[in-house]
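Note that the structure is a prediction, hence the values are computed from the model and not measured.
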Amino acid sequence: MAAAALRAQLNAHIAGMYTGVVDEDTFEELWDEGTAVEVSRLFIYDASKIINDIDILMEEPEVDFDEVEALTQQLMRCTSRCLVSLALVRNEFYIVRHELEIMMQLEEQIAACGPNS
């Protein structure tokens, strides 16, 4: 009896995840805004180019520090875009992790009831 109630609770939790945490519309919205992979790819490309440009400027006999500063500011903007994406991914991970932990706890409680419950 207890195991059946726990199974029902587990099934309700899983169904809730699909309508709440793992919501298809949310993922489509995030996809439309740009995925973490795409933001990371852009960051790597942009940052590599900027760092290369700074290296070239720093090798000049007379360094144009105004241009170096401008490129440094541009690099910082690229970094902040990547950090925002990381924060979104981290938040979604914590939500899904919490839901999965609840599922595992329910599974353990069901198993503790024994095979005949």
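- Taken to the nearest 0.5 Å, the CD atom of Q9 stands 12.5 Å off from the CE atom of M103.
- The CD atom of Q74 sits 7.5 Å away from the CG atom of D46 when rounded to the nearest 0.5 Å.
- Looking at I102, I95, L100 one by one, the single match for side chain to side chain contact (heavy atoms under 4.5 Å, CB included) with H98 turns out to be I102.
- Taken to the nearest 0.5 Å, the CD atom of Q109 stands 12.5 Å off from the CE atom of M104.
- Between atom CZ of residue R7 and atom SG of residue C113 there is a gap of 8.0 Å, rounded to the nearest 0.5 Å.
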Do any side-chain atoms of residues 47-65 form donor-acceptor pairs under 3.5 angstrom with protein atoms, and if so which ones, sequence neighbours left out?
| unit_1 | atom_1 | unit_2 | atom_2 | d |
| --- | --- | --- | --- | --- |
| S48 | OG | I44 | O | 2.7 |
| K49 | NZ | D53 | OD2 | 3.2 |
| D64 | OD1 | D66 | N | 3.2 |
| D64 | OD1 | E67 | N | 3.3 |

